[in-house]
**Q** 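Would you mind keeping the following structure in view while I ask a few things?
No experiment lies behind these values; they were computed from the predicted model shown. Lettering of chains follows the sequences in order, A, B, ..., and the numbering in each one begins at 1.
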Amino acid sequence: MKARARVVAAGDGAGGTRLTTLRSEAPLVLRDTPGGLYLVGGAGGPLGGDDLAIEIEVGAGARLTIRTAAASIVLPGRPGDGPSNLHVDARVAAGGELRWLPGPVVAVQGCVHHVEMVVALEEGAALMWREEVVLGRHGEPPGSVRSRATVDVGGRPLLRHELALGPGHPGAASPAVTAGARAVGSVLLAGPEWATGAGSTVVGDRAVVLPLAGPGWQVLALADDAPALRRQLIAGIEAAARHTAGRAAP
Amino acid sequence: MNLLLLTDGRFPAGGHAHSGGIEAAVMAGRVTGVDTLAVFLAGRLTTAGRVAAALAAAAASGAHDLVELDAEAAARIPSPALRAASRTLGRQLLRTARSVLDAADLPDDLHHPVAMGVVCAATSGLGPADAARWAAYDAISGPASAAVRLLGLDPFRAWGVVAALMPEADAIAAGAAAGAARPLTHLPSCSAPLLDIGAEHHAASEVRLFAS
């Protein structure tokens, strides 16, 4: 299945935000709700062979939050279908804010999933970007996921972060990488209100909040399951907010 | 011979003071003996080692602006403790190379793998492939040697683990050299979350043998 979705959010000049473009294709359906924009997946999926792409544009003064209605359960396709691919391309103008807060990606046994995220922030743009990967459904062995985030601020690199997890990536369960943790996640906080404050904070045994070399923070956590991971990530965001002017509530 | 000189553990560039994350992993109970050391090193090689080899080869190729390349290196190290260690090792290497190799025009402040590449480019007979091999080897030899000290491991068995990883290290170095001139955003950025997490715990710990 090949699907393209595109959303453009523009500031209305009075502190509000209008969606000037909202285009979806099943199984990538974007739905505007009072609580933000929801990405509503079709039943099951992504599926092996899927080629999905979302393009997001946030203009000056606009605020956009994108969530998913549920976890994404990534399933293998039929033999020969190849990997599933998701490409997210986002641009945020100065004074704009994007919060990308999807639910966890659950890599089901046999799946091969690739995620490519490219985010370009203008100087003065704000970003909260969450990524959660759960290796396998409860009690099942996992599939494989590779995700790669490329985030620039004002044309300069802020974060290059690639995760390769599951049986297709030897070394992924190494004590240097995940030590077999089933849930791996991060939140990137960038923009003026997250301008780097004091040193890093240890949030838990397997969770830290890291001031980056550029204007932002990365919360990085491992856990045994999705709820525990979410708790660690929220604790990390709160810790970063204490060091900066950032707003914690996701 | 110049590559042997640079990669010699006795070359005075300060590498012996750093454990490559193995001390944090030992403190957390994640590495306890030769078997866990083997999987630690394999994971470190395919993540941090692959990234370091790619950055070193790119720096040695002369195809990139060094300031931009150094910023790409920084964007691949979210942990401030690891960024500081990488900076320290880079500065020490450049200072040593300026003096030992009589290369006065080397820059003085770069991340460690970028510094490795720059030193190779300034050294007779060395190029991107050598820089990549050096960085890949350094990614596992340092932590292996630190593990022997920290855990009192049988050095023969510990170095047997390193030897067994040489084919993989060669393959990673070859890939890095082949891609040395590709656009900077295409360089690998494989992260090892527990190296970043462990480095911050380690930096906050009061009792430690190694600087990182």
**Q** What part of B:L37 gets within 4.5 angstrom of chain A, counting heavy atoms only: side chain, backbone, both, or neither?
**A**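 Neither the backbone nor the side chain of B:L37 comes within 4.5 Å of chain A.
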
**Q** Rounded to the nearest 0.5 Å, how far apart are CG of A:L210 and CG of B:D196?
**A**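 A:L210 CG to B:D196 CG: 6.0 Å, rounded to 0.5 Å.
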
**Q** Pick one of side chain, backbone, both or neither for B:R76, based on which atoms fall under 4.5 Å of a heavy atom in chain A.
**A**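 For B:R76, the contact with chain A is made by backbone and side chain together.
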
**Q** Checking the side chain of A:H161 only, and the main-chain atoms of B:A75 only, is there a donor and an acceptor separated by less than 3.5 Å?
**A** no

**Q** Determine the option with the most heavy-atom pairs under 4.5 angstrom with chain A, choosing from B:R83, B:R30, B:R44.
**A**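 So the answer, after comparing B:R83, B:R30, B:R44, is B:R83.
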
**Q** Nearest heavy-atom pair of B:A74 and A:A213: which atoms, and what distance?
**A**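 Heavy atoms of B:A74 and A:A213 come nearest at CB-CB, 3.9 Å.
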
**Q** Does B:R182, at its CZ atom, have more than 12 non-hydrogen atoms belonging to other residues, nucleotides or ligands within less than 6.0 Å?
**A**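 Enclosed: over 12 neighbouring heavy atoms sit under 6.0 Å from CZ of B:R182.
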
**Q** State which residue, out of B:T46, B:T47, B:V39, B:L194, fulfils the side chain to side chain contact (heavy atoms under 4.5 Å, CB included) condition with A:V177.
**A**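 Looking at B:T46, B:T47, B:V39, B:L194, the match for A:V177 under the side chain to side chain contact (heavy atoms under 4.5 Å, CB included) is B:T47.
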
**Q** Evaluate the criterion side-chain contact (heavy atoms from CB on, under 4.5 Å) for residue pair B:T185 and A:R160; output intermediate values, then yes/no.
**A** CA-CA 8 Å; B:T185 51; A:R160 306 282 183 258; 3.7 Å; yes

**Q** Which answer fits A:R156, side chain, backbone, both or neither, if we ask what part of it has an atom under 4.5 Å from a heavy atom of chain B?
**A**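 Neither; nothing under 4.5 Å.
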
**Q** Under a 4.5 Å heavy-atom cut-off, does chain B meet the side chain of A:A179, its backbone, both or neither?
**A** both

**Q** Given that the side chain runs from C-beta out, which part of A:L220 has a heavy atom under 4.5 Å from chain B: side chain, backbone, both or neither?
**A** both

**Q** Could you report the tightest heavy-atom contact between B:P80 and A:P211, atom names first, then the distance?
**A**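 Closest pair (atom of B:P80, atom of A:P211, distance): CG-CD, 3.7 Å.
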
**Q** Tell me, for A:A207 versus chain B, whether the close heavy atoms (under 4.5 Å) come from the side chain, the backbone, both or neither.
**A**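 Looking at A:A207, just its backbone touches chain B.
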
**Q** What is the minimum heavy-atom distance between A:V202 and B:H201, and which atoms define it?
**A** CG1-NE2, 3.1 Å

